[in-house]
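Reviewing the structure listed below.
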Amino acid sequence: MEEICSTLNEKQREAVLCTEGPELVLAGAGSGKTRVITHRIAYLIREKQVSPRNILAITFTNKAAGEMKRRVGQLVSEESDQIWVATFHATCVRILRRFIDRLGYDSHFTIYDTDDQRALMKQVLKELNLDPKTFRERSILAAVSSAKNELRTPAQFSREASGYYEERTADCYHRYQEKLAGNDALDFDDLLTMTVELFRTCPDVLDLYRRRFRYIMVDEYQDTNTAQFALIELLAGKDGNLCVVGDDDQSIYRFRGANIYNILNFEKTFPGAHVVKLEENYRSKGNILSAANEVIRNNLGRKEKHLWTRRDAGEKIHVFRFENASDEAEHIAEEIRQRASDGRYSRFAVLYRTNAQSRALEERFVTLGIPYQLIGGVNFYQRKEVKDALAYLKTIANGRDDLACRRILNVPKRGIGDATAQKVMEFAAANGLSFYDALLDAEKTGILGRSGGKIRKFTDLIESLRERSRSLPLTELIREMLDKSGYLEDLANDDPVEAEARRQNLEELLNKAAAFENDTGAAEEPEDESASPDLPALDRFLEEVSLVADIDRMDTGAEKVTLMTLHAAKGLEFDEVYMTGMEDGLFPGMRSLDDPKELEEERRLCYVGITRARERLTMTGAARRMVNGETRFSNESMFVREIPDSLKERKDYTERPQRTSWHFDGPGEAESFRRAAPKPAAFGKEFRIVKADHLEYGPGDRVKHMKFGEGTVLRVEEGARDFEVTVDFGSHGVRKMFAGFAKLEKIG
DNA sequence: TCGAGAATTGTTTTT
DNA sequence: CAATTCTCGA
């Protein structure tokens, strides 16, 4: 016990030692949250003699799960792989593979990603004869998803629906669910809702897992949604040994159903809960932490806390403003190149609000030859060629996934068009067959005339590959599939640059398959009943692949700059962080400007971004930016303005820098200012001067002024807000002016 | 059936 | 300004 707790501070120790009953650990950014969880697990095993099998730890990403496993392993070597550490979704899949037959589903179900969901919903809209203009599958799916997150069934949904639009949406939900079932498929949300459903309808199953999971821990608790909460509550019970760890200030997933009240009301939901606050930050320099605190204090409805650090203040927050997005990107890339002259690029991260912003940055990084890794955007496993390959594999593994089969039926082109596919669909529906089985049969009965031959060739291909899949290792199978199907060959007809990128992605898929084979081959010890039961390697590979998030691919070892969204950055930390696109209308986004709830969420996101930085933080923005083909002008982000000037060092690179708005350094004044005028002016009416840290010219230098032409600098005086420069312009006279306003250029 | 070019959309954020 | 969907001729 001494050794386990010796490295912990008092609060952390308190959190670790409280093992029985409900516990809430409010862990501020960088306060050693993961440390608490891992040590708590170690303490349970080593001191409380709890069997590792009785511990469940839930994380939000596979990466976090892996990291946690690794760190627990360091503390309690032997038994650590007995602990169940997984994401919500992976946990649910494991449970469902064993028991979903109780709900009338096949245990070999496939998992649909967003694209699959879209395709399916499109079919639904067509079948229900709904106008795709008024009923967009995107918004219907959003409604369905939030219904599922709230555990509302189609029946409930239609009961509560009012008005034509909602009623039709209910119909879609209903039909969509039927089609999923018909395909033995679950979408992401189903994984959660089905598990809750399973526990609610089968007490014996619930009981089994309750006995197993005597100690439950949930990381990032502030981001749980209603379904996840229900799941936890079912497993733990009102007075179970449930320890949740989170930070209400870092709740940033409201858009996907996260319910911040899960954490805000924890003590009400679990009376008698032990609450521990971790407020010492071990990560960031003082100024960075102060900036974070200054920003987040503008949110109402949060648990009061004040993060502090023993670290020195460090550099000020660097604030840059540029003319446009490409200047912004150029400057950042150039600065990183200089600062990383030792090649330690992994110390840097560039963060942005929307994935679209990565483009300009990427271009600059490429031209300057800076190694970088891009996280997010299109998930690797959702890229077209990878999905095609996976669709082949799914069809080979079992012909049950109609979407997958249809996807590849004519890829590469086999001369089997939509009309034919439509006929097969009808045939399948009429005979209660899957799409693939319909293909096999339709060809036999010859109902399709001359298309029959083409279909025959396709099914022959699949059948022969299926035969081969029984003996061939995974990687070999994929190679053969790519070859025999003519997919690789077809790729060559593409644009050569594009084709090369695709080939590389397929190569990466092969690497992943090889890694997967190695992993499962090495771990020959019979995994306990938690593993999916006796699935062939191919099926298990497909399952694993369906649950990986893009962040899971992040390579922390490589010396590369990391480019990603602020959302993806949660839980990570870097020495030097750039937060880009700090502009009103972009961050905070347009939609949040008139919605206080939404604005608070954006502010939390900003807080998350700031607290990722250990040593140095830079915030950048552009005066104008191309959005949707038109130029948008914007003000510096209100979040930047919420950071007092005393913590910032600004530099304005725009052609016509703005005079600084009234900034208040004293907390009292700032407070009243914010209350009195919480909203910034929508447009750049205010001028802003930026005090440069130095001037490029001094007395005696020749300079050029926009209006007065050339002159000689007589004197430079440093004022509070700016440099005052006196210049002799000859015929235009001797003039005294502010440097930031005059924009003098040195000549010669 | 299929490709090229036109037209028409659209924007957060992701397990 | 994309990326996706639509339309039309072969």
Side-chain angles (χ1 to χ4, degrees), chain A residues 58-65 86-93 111-115 117-118 122 132-133 136-139 141-142 145-146 148-149 186-193 219-220 223-225 227-228 251-258 325 351-360 375-379 381-382 384 409-422 450-451 454 493-494 546-552 564-571 581 585-593 595 598-599 601-602 604-606 608-609 625-632:
Chain A
I58 291 185
T59 60
F60 263 75
T61 63
N62 296 298
K63 187 169 185 64
T87 64
F88 269 109
H89 296 268
T91 300
C92 290
V93 171
I111 301 162
Y112 275 7
D113 69 13
T114 331
D115 286 342
Q117 288 181 277
R118 275 241 215 94
K122 235 181 215 167
K133 287 248 152 47
R136 274 184 252 281
E137 75 264 14
R138 242 173 82 55
S139 63
L141 280 169
S145 175
S146 63
K148 287 183 179 179
N149 286 330
L186 304 188
D187 66 21
F188 278 123
D189 300 318
D190 284 335
L191 296 176
L192 299 166
T193 57
D219 191 15
E220 307 282 15
D223 286 322
T224 50
N225 61 33
Q228 289 163 334
S251 171
I252 55 173
Y253 283 107
R254 199 165 74 109
F255 71 93
R256 73 172 196 219
L351 311 180
Y352 36 80
R353 179 67 241 269
T354 64
N355 281 304
Q357 290 168 251
S358 68
R359 236 197 191 86
I375 306 295
V378 188
N379 187 323
Y381 291 105
Q382 280 172 220
K384 184 181 169 299
L409 177 61
N410 200 28
V411 177
K413 296 272 180 294
R414 299 188 174 87
I416 309 172
D418 252 8
T420 310
Q422 206 58 44
R450 55 187 178 7
S451 299
K454 294 169 182 168
N493 299 328
D494 257 10
S546 63
L547 289 176
V548 302
D550 212 51
I551 185 74
D552 299 332
M564 62 185 159
T565 62
L566 287 150
H567 280 89
K570 195 179 67 165
L586 180 63
F587 186 41
M590 273 306 187
R591 285 146 294 273
S592 58
L593 289 176
D595 178 350
E598 200 57 33
L599 185 62
E601 172 122 339
E602 296 276 292
R604 290 193 290 270
L605 188 58
C606 183
V608 167
R625 189 180 289 272
M626 280 289 236
V627 178
N628 278 4
E630 58 191 38
T631 310
R632 220 161 61 182

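Letters A, B, ... mirror the listed sequences (proteins, then strands); counts begin at 1. Hydrogens, waters and symmetry mates play no part in the numbers below; they use all other heavy atoms, side chains included. Quick caveat, the model's predicted, so the values are computed rather than measured.
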Among [options], the nucleotide that comes nearest once only the side chain of [X] is considered:
X         : options                   : value
Asn410(A) : dT14(B), dT12(B), dC2(B)  : dC2(B)
Arg353(A) : dT12(B), dC1(C), dT15(B)  : dT12(B)
Ala549(A) : dT15(B), dT14(B), dT12(B) : dT15(B)
Lys413(A) : dT13(B), dC2(B), dT15(B)  : dC2(B)
Ala419(A) : dT1(B), dT14(B), dC1(C)   : dT1(B)
Thr420(A) : dT1(B), dA3(C), dT12(B)   : dT1(B)

So what does [X] hit on the nucleic acid, given a heavy-atom distance under 4.0 Å: a base, only sugar-phosphate, or nothing?
X         : result
Gly415(A) : sugar-phosphate
Arg138(A) : sugar-phosphate
Glu598(A) : base
Tyr253(A) : sugar-phosphate

Thr354(A) or Arg136(A), whichever maps to the more 5' nucleotide of DNA chain B: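 Counting from the 5' end, the first nearest nucleotide belongs to Arg136(A).
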First encountered from the 5' end of DNA chain B, between Val627(A) and Ile416(A): Ile416(A)
Starting at [atom1] of [X] and ending at [atom2] of [N], how long is that distance when rounded to a whole Å?
X         : N       : atom1 : atom2 : result
Asn355(A) : dA2(C)  : CG    : C1'   : 14 Å
Leu351(A) : dT12(B) : CG    : C1'   : 15 Å
Asp115(A) : dA3(C)  : CG    : P     : 15 Å
Leu605(A) : dT13(B) : CG    : P     : 11 Å
Leu566(A) : dT14(B) : CG    : P     : 10 Å
Ile252(A) : dT14(B) : CD1   : P     : 9 Å
Arg256(A) : dT13(B) : CZ    : C1'   : 9 Å
Arg254(A) : dT13(B) : CZ    : C1'   : 12 Å

Would you check if the side chain of [X] reaches a backbone N or O of [Y] as a donor-acceptor pair within less than 3.5 Å?
X         : Y         : answer
Asn355(A) : Gly376(A) : no
His567(A) : Ile252(A) : yes
Glu602(A) : Gly589(A) : yes

Spacing of the C1' atoms in dT5(C) and dT12(B) (rounded, Å): 22 Å
Quick check on [N]: is either OP1 or OP2 less than 4.0 Å from any side-chain nitrogen or oxygen of [X]?
X         : N       : answer
Thr565(A) : dT14(B) : yes
Arg359(A) : dA3(C)  : yes
Lys122(A) : dT5(C)  : yes

Residue pair Glu137(A) / Gln117(A), side-chain heavy-atom distance below 4.5 Å: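 SC-SC contact between Glu137(A) and Gln117(A) ruled out.
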Aro-ring/base stack Phe255(A)-dT13(B), d under 5.5 Å, angle under 30°: yes
Chi angles and distances behind the side-chain contact (heavy atoms from CB on, under 4.5 Å) call for Leu586(A), Tyr352(A): CA-CA 10 Å; Leu586(A) 180 63; Tyr352(A) 36 80; over 6 Å; no
Distance-only donor-acceptor check, side chains Gln357(A) and Thr354(A), under 3.5 Å: yes
